[in-house]
Amino acid sequence: MTIDVVSTNPIEGQKPGTSGLRKKTRVFMEPNYLENFVQSIFNAIGGAEGKTFVVGGDGRYFNKQAIQTILKMAVANGVARTIVGRNGLLSTPAASHLIRLNNTDGGLILSASHNPGGVDEDFGLKFNTPNGGPAPESVTDAMFEQTKKLQSYSIMSAPDVALETIGRQALGAMQIDIVDPVLDYQALMQQLFDFDKIRALFASGFTMRFDAMHAVTGPYASAILEGELGAPDGTVVNSVPLEDFGGGHPDPNPVWAKSLMDLMMSDAAPDFGAASDGDGDRNMVVARGVYITPSDSLAVLAANAHLAPGYKSGLKGVARSMPTSAASDRVAEKLGIGSYETPTGWKFFGNLLDAGMATICGEESAGTGSDHVREKDGLWAILLWLNTIAERQLSAAEILHDHWSTYGRDYYSRHDYEAVPADAAAGLMKALQSKLADLPGKSFAGQTVKQADEFSYHDPVDGSVSENQGVRIVFENAARAVFRLSGTGTEGATLRLYLEQYAPRGTDHLKDTQIALQSVKDAAVEISGLEARLGRTEPDVMT
Ligand code: VG1
Ligand code: CO
């Protein structure tokens, strides 16, 4: 029986951010809240009648209940077929792949990514379009408009679907296919990489630790690294997805993956370390004794991708988000291919990938990926590193040092000031914006401003314009500071300060990162009046 619920609690004005709608779990659990957003999605894409969608999430608290609601709403909205990961699990890149592989009309992905999970933590939902990528702004704007005028939603009252049983079942007139979350994704990785070479690498005694952070990539990493590639049992740790990710933030960075970092910096370090986030789209890679920044990882992967079978004909172009360092631009220049600078958020890479202008994309926030799907892909990046190590027969640290001696080093760090009052953060940005024109030529903490502006993106494919994408301050000596407000936080505001200093070929590449960035940080803090405005002297997280 389908019922139309008159919504007594419309989610008026809930705007999807960098990566869908993210809120406290309890907000999503409020009566009608999730339902209203799902109905807004269906309405915003011209209805769901006769369509096929992929549905799955990162397994966090409320994942399964939310999927039951989505399935009952899907059938009430006339959806013909849904493809659902067993037990409601799908990593974001695996969901993107299934959307493409099955020529579907898109997918609903349940995740708050790197944010913690649990009843008092975070939840999220986003819609991906038929190309497998996050909905572009035109679509998320349409969802937002729907949230403002929605009066009711449709849902079927029915018993819960058996999410644990692989195979086909029916819910009313809708077909539901429960699939193994790993199989198709694993087959795709096998096409892209030389599994025989990587298997031989492990067989020769190469050691690795992969920290799944109790999140969704555990089953993927266990099946691929230990099952298929012969890495010793125990290579993958924290491999069982938990609803609260074991109480941590499933954010693969030196702060939240500290035990992996400590191991990699110790005498007991294996040859290679890696981790991925809640929904499996981010990655951290660590060489023995050296943390590899995501910006450097993107550049190294772009420079070496042709060594893997899936990329042997070379890259068409490399794209990075604006706050990501210029390291990948240097590689694109040397390769003579296009390089693109987009706003933060994977959705902006979609058009470049679809148009065949870029093959590899990356963000400073530990996201790297390629045109194999339309999301960033943590395990993909780790496998490309392994393929590179196996081909070049060098350690990860040797590959990194060789990269720096070829291209120079872009020292890089992001400083996050979390949960600051939203008005203080907005005030800081506003004050900065109003003084940008006066900055060039002035000196702060020994750094002279060369150029200061606010980034706006003109999509070269569809001509759309995205304004207010962060403030950039470029200094005379190849340094840069970027200020941006996070679009994924759920508490107050998070100010991100991105710092970068280039050290050309032949100069010292072995400085401590924070020391190398001290003067650009001091200049950025002085220009923005950050300490007085936010009442903070130190960031909460430095990555
Ligand atoms: C952050 C990152 C951004 C990333 C986004 C989603 O956004 O900075 O690079 O695309 O998270 O990542 P923000 O607006 O908080 O800076 V995740 O792994 O959703 O999927
Ligand atoms: Co993620």
Side-chain angles (χ1 to χ4, degrees), residues 15-22 56-60 90-96 109-117 122-128 133-135 137 140 212-213 215-217 220 245 249-253 256-257 275-284 293-295 298 319-325 341-350 361-369 373-381 412-420 425 429 455 466 468-470 482-498 540-541 543:
K15 196 171 167 59
T18 316
S19 206
L21 187 63
R22 285 199 191 155
D58 63 11
R60 69 181 58 223
L90 280 178
S91 78
T92 293
S96 180
I109 302 178
L110 300 90
S111 172
S113 188
H114 52 289
N115 294 12
D122 296 349
F123 194 78
L125 174 62
K126 69 173 173 176
F127 178 73
N128 281 29
E137 279 190 334
T140 54
M213 304 188 83
V216 79
T217 32
Y220 295 83
F245 307 118
H249 290 218
D251 194 351
N253 64 38
W256 290 107
S276 57
D277 74 331
D279 61 330
D281 58 359
R282 297 186 182 198
N283 73 93
M284 175 171 92
T293 68
S295 294
L298 170 66
R320 63 164 172 86
S321 69
M322 182 275 281
T324 304
S325 91
E341 186 178 38
T342 60
T344 294
W346 207 261
K347 59 189 169 196
F348 294 102
F349 294 131
C361 307
E363 296 192 273
E364 53 64 43
S365 52
T368 340
V373 289
R374 292 295 179 274
E375 287 279 2
K376 51 194 187 271
D377 186 346
L379 211 41
W380 169 90
Y412 190 86
S413 182
R414 186 178 94 189
H415 293 193
D416 293 333
Y417 298 81
E418 294 178 344
V420 296
M429 291 302 288
F455 181 55
S466 305
N468 298 326
Q469 298 297 328
V482 170
F483 292 86
R484 207 188 133 257
L485 294 181
S486 160
T488 60
T490 57
E491 238 178 291
T494 292
L495 178 81
R496 303 202 194 284
L497 170 58
Y498 309 80
D540 299 274
V541 176
T543 58

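As the structure is a prediction and not an experimental result, all values here were calculated from the model. When a ligand or atom number is given, it counts from 1 through the structure's own listing order.
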Review point. With Asp279, which residues qualify under side-chain hydrogen bond (donor to acceptor under 3.5 Å, both in side chains), at least two apart?
Key: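 Partners of Asp279 by the side-chain hydrogen bond (donor to acceptor under 3.5 Å, both in side chains) criterion, ordered by chain and then number, come out as Thr92, Ser113.
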Practice item. Could I get the full list of side-chain hydrogen bond (donor to acceptor under 3.5 Å, both in side chains) partners for Ser295, not counting sequence neighbours? Key: none
Check your understanding: Is it true that a side-chain atom of Thr217 and a backbone atom of Tyr220 form a donor plus acceptor pair closer than 3.5 Å?
Key -> no
Any idea which atoms of ligand 1 are less than 4.0 Å away from a heavy-atom of [X]?
X: Arg484; result: 13 (P), 14 (O), 16 (O)
X: Ser365; result: 2 (C), 3 (C), 4 (C), 8 (O), 9 (O)
X: Arg496; result: 8 (O), 13 (P), 15 (O), 16 (O)
X: Gly345; result: 10 (O)
X: Ser113; result: 17 (V), 18 (O), 19 (O), 20 (O)
X: His114; result: 11 (O), 17 (V)
X: Asp281; result: 17 (V), 18 (O), 20 (O)
X: Asp277; result: 18 (O)

Could you identify the N, O or S atom of [X] positioned closest to the Co ion (ligand 2)?
X: Asp279; result: OD1
X: Asp277; result: OD2
X: Asp281; result: OD1

Report yes if [X] has an N/O atom closer than 3.5 Å to an N/O atom of ligand 1; otherwise report no.
X: Gly487; answer: yes
X: Thr344; answer: no
X: Tyr498; answer: no

Check your understanding: Atom CG in Asp540, atom OH in Tyr417: separation rounded to 0.5 Å?
Key -> 9.0 Å
Revision key, fill the gap. Rounded to the nearest 0.5 angstrom, the CD-CZ distance for Glu363 and Phe348 is 10.0 Å
Quick check: closest heavy atoms across [X] and [Y], and the distance to 0.1 Å?
X: Arg496; Y: Ser486; answer: NH2-OG, 3.4 Å
X: Trp346; Y: Gly369; answer: CH2-N, 3.5 Å
X: Tyr412; Y: Pro323; answer: OH-O, 2.5 Å

Check your understanding: Short check: any N/O/S atom of Ser111 below 2.8 Å from the Co ion (ligand 2)?
Key -> no
Report yes or no: does a heavy atom of [X] sit under 4.0 Å from some atom of ligand 1?
X: Arg22; result: yes
X: Arg414; result: yes
X: Ser321; result: no
X: Lys376; result: yes

Check your understanding: Between Arg282, Glu363, Lys126, Lys347, which one has a non-hydrogen atom sitting closest to atom 5 (C) of ligand 1?
Key -> Arg282
Exercise for review: Measure Ser486 to ligand 1 on non-hydrogen atoms and call it side chain, backbone, both or neither using the 4.0 Å cut-off.
Suggested key: both
Practice item. State whether a side-chain donor-acceptor pair under 3.5 Å links Asn128 with Ser96. Key: no
Check your understanding: Given side chains that start at C-beta, do those of Phe455 and Pro343 come closer than 4.5 Å, heavy atoms only?
Key ->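 Yes, at least one pair of side-chain atoms sits under 4.5 Å.
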Review point. Are any non-hydrogen side-chain atoms of Ser325 and Glu364 less than 4.5 angstrom apart?
Key: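 No, side chains not in contact.
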Review point. Charged N to carboxylate O under 4.0 angstrom, Glu375 versus Lys126?
Key: yes
Review point. Can we say Glu341 and Arg320 salt-bridge, meaning some charged N sits less than 4.0 Å from an Asp/Glu carboxylate O?
Key: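 Answer for the salt bridge query: yes.
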